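Okay, handing you the structure first.
In listed order, ligands and their atoms are each counted from 1. As the structure is a computational prediction, the values presented were derived from the model and not from experiment.
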Amino acid sequence: MAKVEFDPGYGSEPFASLCAKYPGKTVYPPKDFRIEWGPIFHRGRLDGTSRVLVIGQDPAAHEAAARRILVGTAGHRVQGFLAKAGIDRSYTLLNTFLYSVYGRSAGARYKSDPKIAAYRDQWFDALLAVSPIEAVVAFGGLAAHAWKLYRKSSAGQASKAKKLPFIHVPHPTYPDSASGGDDARERALTAEMLAAWNGGLEALRAALKTPDAVRGLRPYGRSFTAAELPEIPAFDLPAGCPAWMRGEDGWAVRAGATTGEKRRTLVVAIPPSVRLPQPEH
Ligand code: URA
């Protein structure tokens with residue numbers, strides 16, 4: 001039998017209490033957040049071994065299925081970014097929002113919401129209290145704002161947050177969303193984003209005292225190569241997740257003929273590249 005690592009979950013404090021008591025619809029109004037899919041808390045180490053805190057934006061379809069954040073398109077891009085910095089395991093990923101944002105403008109409207117920030121700050125506090133974090137990377141403007149709010153808060157002032165190197169880079173799916181389906185624009189925005197990521201990588205590498213691996217810096221070109229989109233590690237997903245959930249993205253989509261149906265329906269399909277046994281005739 002092959003041994004498969006898995007994420008042990010939220011059994012220890014302070015994370016157990018944070019998962020037992022989390023904000024619901026009075027803090028995250030259902031008209032602006034898909035709270036029907038439940039909160040999705042994190043991905044990565046909660047055991048005191050994390051050296052990089054990554055802040056993302058909000059969970060999407062893949063994350064709703066896998067119950068860990070940043071496992072779809074954005075997640076593979078982030079995983080590759082961390083690998084280039086020599087961080088293969090010692091990271092913790094938290095999102096700005098606990099639930100998927102519904103509609104284009106909601107994220108910006110809630111970015112300074114005090115109740116949303118108060119709960120998110122408890123995660124920052126908890127993580128900084130147990131982990132030797134050496135740097136914080138925010139992917140996107142909302143994530144950067146979340147960290148800046150935390151640093152200004154009394155808990156942030158009391159923690160080591162203000163001393164930590166802080167790196168803000170564009171969100172990994174910014175080119176996809178900002179290009180509005182125009183392929184040429186998406187390519188141009190991807191090249192622009194990767195140039196900014198190269199700057200972020202240099203800053204992150206300079207900030208890290210103890211990376212998991214020492215690697216020469218291989219900067220991004222104008223687009224992602226396959227090697228720059230690594231698997232999501234087995235040790236980041238709950239026990240029993242099938243291997244294909246960690247591989248190429250696109251296995252989870254919201255579907256439906258109406259917006260209401262789409263909100264209710266998540267279609268999870270094993271990628272065609274995964275070979276299944278043929279039915280016997
Ligand atoms: N999925 C997440 O969990 N966070 C993001 O920022 C994007 C996709």
Within ligand 1, which atoms have a heavy atom of I69 less than 4.0 Å away? 3 (O)
Under 3.5 Å between any N/O of L70 and any N/O of ligand 1: does that happen in this structure? yes
Nearest-0.5 Å distance that lies between atom CD1 in I55 and atom CZ in F124: 4.0 Å
Please confirm whether the backbone N or O of Y220 pairs with a side-chain atom of E228, one donor and one acceptor, at under 3.5 Å? no
Backbone N or O of T96 within a donor-acceptor pair of the R120 side chain at under 3.5 Å? yes
In terms of atom number and element, which parts of ligand 1 are under 4.0 angstrom from non-hydrogen atoms of A74? 7 (C), 8 (C)
Are there more than 12 heavy atoms of other residues, nucleotides or ligands under 6.0 Å from atom CZ of R222? no
Determine, using heavy atoms of P59 and all atoms of ligand 1, whether some pair is separated by less than 4.0 Å. yes
A student checking ligand 1 against H171 at a 4.0 Å heavy-atom cut-off should list atoms 5 (C), 6 (O), 7 (C)
Check E63 against ligand 1 and report side chain, backbone, both or neither, counting heavy atoms closer than 4.0 Å. side chain
Looking only at protein heavy atoms, what sits closest to atom 5 (C) of ligand 1 is D58 O, 3.3 Å
How close do E248 and S273 get, heavy atom to heavy atom, and via which atoms? OE1-OG, 2.7 Å
Is the side chain of D88 donor-acceptor paired with the backbone N or O of A83 at a distance under 3.5 Å, no angle test? no
At a 4.0 Å threshold, what atoms of ligand 1 neighbour a non-hydrogen atom of N95? 2 (C), 3 (O), 4 (N), 5 (C), 6 (O)
Per-atom contacts, ligand 1 versus G56 - under 4.0 Å to a heavy atom: 6 (O)
Tell me if a side-chain donor or acceptor on S177 pairs with a main-chain N or O of T173 at a distance below 3.5 Å. yes
